[in-house]
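Computed over heavy atoms, backbone and side chain alike; hydrogens, waters and symmetry mates excluded. In what follows, chains are A, B, ... by sequence order, proteins preceding strands, each numbered from 1. These numbers come from a predicted model, not from an experiment.
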Amino acid sequence: MAEQARKDLAPAGQAAADPAPVGRIRFRVNGAEVEFGPESGLSPSTTLSYLLREKLGLTGLKVSCDEGACGACTVLRDGKAVLSCMSLAIEADGHDIQTIEGLAPDDPVVEAFAEQSEPGHGTALQCGFCTPGFVMTTKAFLDENPHPTLAEVKEALSGNICRCGSYQAIAQAVLHAAEKIERRRTSS
Amino acid sequence: MIRPFTPRVERQFIGKYRPKVDGKEKASGKALYADDLSLKSRFPGLLYAKVYRSPLPHARIRSLDLSAARAYPGVVDILSYADPDVAALKRTNAGWTDGVDTVSYRKMMWGTFRDRLVLGDTAHWVGDEVGAAVVAESEFAAEEALRLIKVDWEVYPFVLDPYEAMKPGAPVIHPEITRDNIFPPDPFGGEEVFVDKGDVEAALAASEVTIECRSVYHNATQGSLDNWCCVVDWKPEELTVWSNSYAVDQTRMHVSQMLDLPLHRVRAISSYVGGQFGRGDTGDQPFFLFTALLSKRTGRPVKFRHTRRESFHDSRQPAVYTARVGAKRDGGIVAMHFTSVGNAGAYADHTMFALKYAPKEITEVALAHVPNVRFETRGVYTNKLPACMMRGVGNSQFNIIFGQVVDLLAERLGMDPVELAIRNFGHEWESLPDPSLARVLKEGAERIGWAEKRHKPGAGPLLAGTRRRGVGFSFHPAWHAEWQETRRGKVQVSITLNPDCTVLLNAPSVETGNGSNTCNVLGCAEALRFLGVGFEDIRWGSTVDTAIGLKDCVQTDSAVSYLQSEVMAVAAVELKEKLLEIVAPALGAAASELDIAGGEAFVKAEPSRRASVRELLLQGDLAPILVLKSRAPLATRTGVPFFANFAEVEVDEETGKVEALKLVVLNDCGTVMYASGAEAQQIGGQVIGLGETLTEEIVYDRATGVPLNFNWIDYRIPTMADMPEVEPVLLEVWKGAGEYGACGIGEGTVTCTPRAILNAVYNAIGARVDEIPATPEKILSALAAKASAARAAAAGATATAGAAGAAATAARAGAAGSEVAP
């Protein structure tokens with residue numbers, strides 16, 4: 001299915017016109033299946049971030065650097081964190097994409113970031129623009145490493161830029177999120 | 001060990017540690033920013049604009065061939081400098097105000113430097129928005145069309161270095177302003193010598209100890225993640241501009257004045273902004289205007305946004321400072337002479353605020369007890385990125401020399417620099433020592449471990465074979481006390497009390513992340529605590545819209561944190577008076593005989609006669625009660641508090657790498673309005689501060705004038721892995737005017753970081769690097785200079801006494817690195 005969709009892709013557009021439309025792609029976004037064909041005006045170079053934001057209105061992810069340097073566009077593909085600005089829309093074909101909009105209202109990572117305010121670290125977000133990227137990176141990270149050390153947190157999240165500089169509180173929020181997940185796991 | 005702040009006065013809401021009011025909305029990705037609000041799905045018929053950017057640093061367009069661009073599929077229209085609509089636009093400046101007041105074209109702060117044309121024909125830096133703007137059905141089509149524009153350029157010579165630009169025969173960049181690239185005097189900034197107190201030369205000649213030094217501040221950029229973005233929809237009845245400008249009322253004024261529309265026909269709206277940090281000065285940016293004209297011509301809404309590369313759009317004003325300072329042997333400073341040369345880049349904007357206005361204010365509030373002080377400066381045009389505000393304007397640039405003077409002079413005098421600072425500096429309303437400065441520095445010294453860790457320069461133990469540690473600090477006077485905000489004009493707040501005693505708060509101010517929105521809700525709850533109103537009972541809105549008819553309080557000086565709360569305290573008094581009138585009949589007493597506490601109205605003389613305000617209101621006409629207050633900031637001269645940064649670093653003498661081990665950030669706040677938010681600002685500022693000090697720098701190709709690293713891979717912003725432990729310290733020593741007497745702190749938290757680190761580096765290795773970023777190359781060359789001076793001194797020891805003296809002089813010069821003026 002996915003194989004076929006890739007074969008259907010039209011060649012790159014000519015210099016004097018918008019690139020030619022692609023063949024069909026189909027994938028899941030936050031559990032719902034979506035499909036795009038030639039009518040949607042996408043091209044082989046359309047990024048996943050563009051498709052999610054501009055076509056599906058999923059604006060939680062942000063496009064800031066648009067070249068893989070800041071992490072603001074991070075989403076999950078099959079549970080792994082990917083930079084959606086560096087992923088082509090066609091690469092999503094046949095995969096499961098999760099954006100921040102797909103998280104539960106009481107998601108422990110979201111809660112931990114929102115609540116972080118204890119003395120000594122500040123808040124885990126200020127302007128909030130980078131926050132969804134940090135949250136999604138954290139989701140994937142804690143799935144892989146549910147009991148991280150502070151050093152492991154700093155290493156894992158060093159691909160995301162927060163210009164407001166809330167790193168110290170973000171690290172605490174990640175540790176608190178791990179505790180929340182553990183508490184919920186053991187109490188359920 | 002974390003030591004939470006303890007307030008001077010315990011309050012119910014103000015000063016607390018708690019989550020941000022918008023924490024959940026932001027953490028869940030629901031907060032909408034300009035780029036999110038302007039999706040095509042929200043604006044049917046939306047078009048996209050892109051502007052031509054000069055590939056040359058200095059050139060004039062002889063002619064444009066737009067034919068191929070116009071023919072590109074999807075292109076709807078192209079606006080160029082030759083169009084009458086564009087040619088008719090007035091010359092302008094992107095810093096109409098310093099961001100605190102709304103300012104008309106006629107009253108713009110730097111009216112002497114109207115050096116910007118909207119879509120002009122002359123490029124002044126590589127990346128300058130000139131010539132033409134394309135509007136198309138897609139951003140892609142607009143970008144492709146730009147590539148098809150053919151330009152016949154008249155290429156001019158260019159200059160990047162301000163010292164080169166001042167030489168006779170240098171390319172003249174703005175002949176309409178100056179023939180030698182040096183900014184002429186202007187009514188607001190004054191003459192080249194803008195402070196001249198006492199007789200500096202005589203005092204220096206008579207001084208027992210004198211020092212000379214030099215510091216260089218480079219051109220870091222703000223780096224907001226939320227790139228500039230706007231949508232303009234110019235309908236016959238009204239022009240609406242949605243954007244991520246942080247000055248909404250000023251945006252309305254700018255558009256109104258430049259496009260000759262009455263104010264009621266212009267509506268400006270901003271939502272959440274993903275980081276501001278001073279970018280674009282006060283936002284009087286030409287792109288609002290050509291986007292508007294494209295909307296007018298097409299009759300459709302038009303979106304314009306920068307890519308990240310294009311958002312390298314302004315830098316902090318780079319400046320080279322020199323100082324000559326004279327003191328008595330006992331440590332009393334008698335004379336200070338500072339000079340600076342500022343690289344304005346291609347457009348003036350707020351350059352003279354940085355070079356003149358800020359240092360002048362510092363003279364008043366920190367150098368008041370030094371009898372002889374002289375400041376002189378030259379602002380110079382070059383063909384670089386325009387210089388701009390960046391979390392402060394001129395403060396960081398001055399601090400890097402100021403903190404060096406303190407460190408160097410203390411070394412010469414054999415004094416502790418903490419003692420030297422406390423002995424000499426404070427504002428003119430207070431006798432020395434200044435209690436705020438003394439507390440900030442003593443607390444900082446204790447927190448960093450000054451007594452144990454500070455040693456003679458380079459005299460600490462060698463660690464791991466190649467590394468040495470050192471500690472240093474720098475301090476600065478705040479510039480965000482209420483009296484310093486009087487130019488802002490009236491601050492406007494409205495409080496609407498619903499009959500169920502919930503509250504609609506209208507304290508318009510664009511939420512850029514600094515926590516003032518939470519301060520406002522806390523301030524409102526504090527002011528209305530007589531009603532028993534809680535944090536959750538108050539509705540705060542994230543959108544600022546000029547259609548509501550209130551001026552927004554602009555996020556400069558981090559002063560919104562208390563300015564609006566001060567007005568709420570006044571508004572609450574009026575609200576209580578109104579309520580007493582309303583509930584008086586039900587309690588069968590005159591309003592003057594009543595009071596309200598804990599949500600209950602009661603007769604003062606007979607407190608058992610009481611009733612719930614909420615119940616009384618719900619039995620009434622159910623009309624919400626509105627209080628609107630406009631209040632000018634209090635002008636009472638209260639002086640200012642101080643703030644400081646202490647740093648511990650480790651320097652690898654083999655690789656030249658500097659690692660910050662710990663930063664302590666101390667602010668005397670007057671009153672801490674919101675403790676978690678204040679600490680977030682203290683800690684967060686260190687990302688910009690440390691980045692500017694060690695890694696961030698815009699690099700140009702000197703041969704072509706092309707900036708080489710307009711991206712976040714080569715322009716290196718610190719990540720989580722780069723940051724040391726930061727200890728925030730909130731203090732309440734000084735107090736300003738008003739209910740809270742607070743002082744903004746966030747903007748300044750970056751100011752002292754570079755110098756604190758550079759002083760710590762000197763303490764570690766005994767060699768001075770006085771130019772940031774302190775890259776490994778600079779560290780290694782300072783160490784090499786120190787080693788060769790030491791060799792010369794050793795050789796001199798066997799020679800004559802006279803030669804030994806000369807060698808000692810050379811050793812001092814070598815040890816001082818680049819401190820000798822060119």
Side-chain angles (χ1 to χ4, degrees), chain A residues 16-19 43 53-54 57 59-70 72 99-101 103 105 107 109-132 135 153-155 157-171, chain B residues 2 4-5 17-20 22-24 26-33 35-36 39-41 72-74 138 140-141 223-227 272-275 277 307-308 512-515 675-677 679-688 711-713 717 719-721 723 725-728:
Chain A
D18 273 349
S43 82
R53 284 181 55 84
E54 305 282 340
T59 54
L61 71 96
K62 307 300 176 196
V63 174
S64 181
C65 75
D66 211 11
E67 55 191 357
C70 76
T99 70
I100 195 161
E101 287 85 353
L103 301 185
D107 183 88
V109 178
V110 170
E111 280 186 357
F113 272 70
E115 290 164 1
Q116 181 64 41
S117 57
E118 75 221 27
H121 305 293
T123 52
L125 48 86
Q126 294 185 57
C127 82
F129 202 81
C130 70
T131 311
V135 165
V153 171
K154 289 180 88 165
E155 180 63 29
L157 270 66
S158 64
N160 294 61
I161 290 176
C162 171
R163 189 55 160 170
C164 298
S166 291
Y167 296 132
Q168 195 160 313
I170 291 170
Chain B
I2 289 165
F5 136 82
Y17 288 96
R18 58 154 297 126
K20 266 174 76 70
D22 49 11
K24 192 72 193 280
K26 285 177 171 173
S28 61
K30 293 189 176 68
L32 295 174
Y33 300 78
D35 196 29
D36 308 330
L39 294 184
K40 194 159 193 161
S41 55
Y72 190 81
S138 73
F140 178 84
S224 316
L225 264 73
D226 187 8
N227 303 325
Y272 286 115
V273 174
F277 314 124
T307 62
R308 167 82 318 257
T512 59
N514 48 24
S676 304
E679 290 187 353
Q681 289 275 293
Q682 290 183 298
I683 297 167
Q686 305 321 306
V687 166
I688 287 180
N711 64 74
W712 281 342
I713 293 167
I717 290 175
T719 71
M720 194 181 277
M723 291 305 295
E725 177 200 351
V726 184
E727 183 175 349

Student: Please give me the minimum heavy-atom distance between B:Y33 and A:G128, naming the atom from each residue.
Tutor: OH-C, 3.1 Å
Student: More than 12 heavy atoms of other residues, nucleotides or ligands under 6.0 Å from CD of A:E155: yes or no?
Tutor: no
Student: Side chains of B:V687 and A:R163: does their closest heavy-atom pair fall under 4.5 Å?
Tutor: yes
Student: For a 4.5 angstrom cut-off between non-hydrogen side-chain atoms, does B:L32 reach A:T59?
Tutor: yes
Student: With chain A as the partner, which of B:T307, B:I2, B:V273, B:I713 has the greatest number of non-hydrogen pairs under 4.5 Å?
Tutor: B:I2
Student: Considering all heavy atoms of both residues, which atom of B:M723 and which atom of A:K154 are nearest to each other, and what is their separation?
Tutor: O-NZ, 2.9 Å
Student: For the NZ atom of B:K24 and the CD atom of A:E115, what is their distance to the nearest 0.5 Å?
Tutor: 8.0 Å
Student: Checking heavy atoms, do the side chain of A:I161, its backbone, both or neither come under 4.5 Å from chain B?
Tutor: both
Student: Give, as side chain, backbone, both or neither, the part of B:A31 having an atom under 4.5 angstrom from any heavy atom of chain A.
Tutor: backbone
Student: What part of B:T512 is in contact with chain A, defined as an atom under 4.5 angstrom from a non-hydrogen atom: side chain, backbone, both or neither?
Tutor: backbone
Student: Scan A:L103, A:V135, A:V110 and name whichever one has a side-chain contact (heavy atoms from CB on, under 4.5 Å) with B:S28.
Tutor: A:V110
Student: Please rank A:G165, A:G122, A:C127, A:A114 by heavy-atom pairs under 4.5 Å with chain B and give me the top one.
Tutor: A:C127
Student: Under 6.0 Å from the NZ atom of B:K40, do we count more than 12 heavy atoms belonging to anything else shown?
Tutor: yes
Student: Given a strict heavy-atom distance threshold of 4.5 Å, which part of B:N227 is in contact with chain A: side chain, backbone, both, or neither?
Tutor: side chain
Student: Working to the nearest 0.5 angstrom, can you tell me the gap between A:Y167 OH and B:I683 CD1?
Tutor: 13.5 Å
Student: Does A:K62 use its side chain to pair, donor to acceptor, with the backbone of B:D35 at less than 3.5 Å?
Tutor: no
Student: Identify the heavy atoms of A:R53 and B:L39 that sit nearest to each other, and give their distance.
Tutor: O-CD1, 3.5 Å
Student: Please classify the contact between B:Q681 and chain A as side chain, backbone, both or neither, with a heavy-atom cut-off of under 4.5 Å.
Tutor: both
Student: Specify the closest pair of heavy atoms between A:F113 and B:A27, including all atoms of both residues, with the distance to one decimal.
Tutor: CB-CB, 3.9 Å
Student: Would you compute the distance between atom SG of A:C162 and atom CD1 of B:I717 and round it to the nearest 0.5 angstrom?
Tutor: 10.5 Å
Student: Are any side-chain N or O atoms of A:Q126 and backbone N or O atoms of B:A680, one a donor and one an acceptor, separated by less than 3.5 Å?
Tutor: yes
Student: For a quick test of reading the model, state the closest non-hydrogen atom pair linking B:E679 to A:H121 and the distance between them.
Tutor: OE1-N, 3.8 Å
Student: Run the side chain to side chain contact (heavy atoms under 4.5 Å, CB included) test on A:V63 and B:R308 for me, step by step, so that the C-alpha distance in whole Å, both residues' side-chain angles and the decisive distance to 0.1 Å come before the verdict.
Tutor: CA-CA 9 Å; A:V63 174; B:R308 167 82 318 257; over 6 Å; no
Student: Checking heavy atoms, do the side chain of B:V726, its backbone, both or neither come under 4.5 Å from chain A?
Tutor: both
Student: Indicate the atoms forming the closest heavy-atom contact of A:G120 with B:P728, along with that distance.
Tutor: O-CD, 3.6 Å
Student: Start with the C-alpha distance between B:F140 and A:S43, add both sets of side-chain angles, then the distance that settles side chain to side chain contact (heavy atoms under 4.5 Å, CB included), and finish with yes or no.
Tutor: CA-CA 11 Å; B:F140 178 84; A:S43 82; over 6 Å; no
Student: In terms of heavy-atom proximity below 4.5 Å to chain B, should A:A169 be classed as side chain, backbone, both, or neither?
Tutor: neither
Student: Using modelled atom types only, decide if a donor and an acceptor are shared between the side chain of B:S676 and the backbone of A:S117 within a distance under 3.5 Å.
Tutor: yes
Student: So, taking the atom named CE in B:M720 and the one named CG in A:L157, what distance separates them when rounded to the nearest 0.5 Å?
Tutor: 4.5 Å
Student: A:P132, A:G60, A:A72, A:C164: which one forms the most heavy-atom pairs within less than 4.5 Å of chain B?
Tutor: A:C164
Student: Please classify the contact between B:F5 and chain A as side chain, backbone, both or neither, with a heavy-atom cut-off of under 4.5 Å.
Tutor: neither
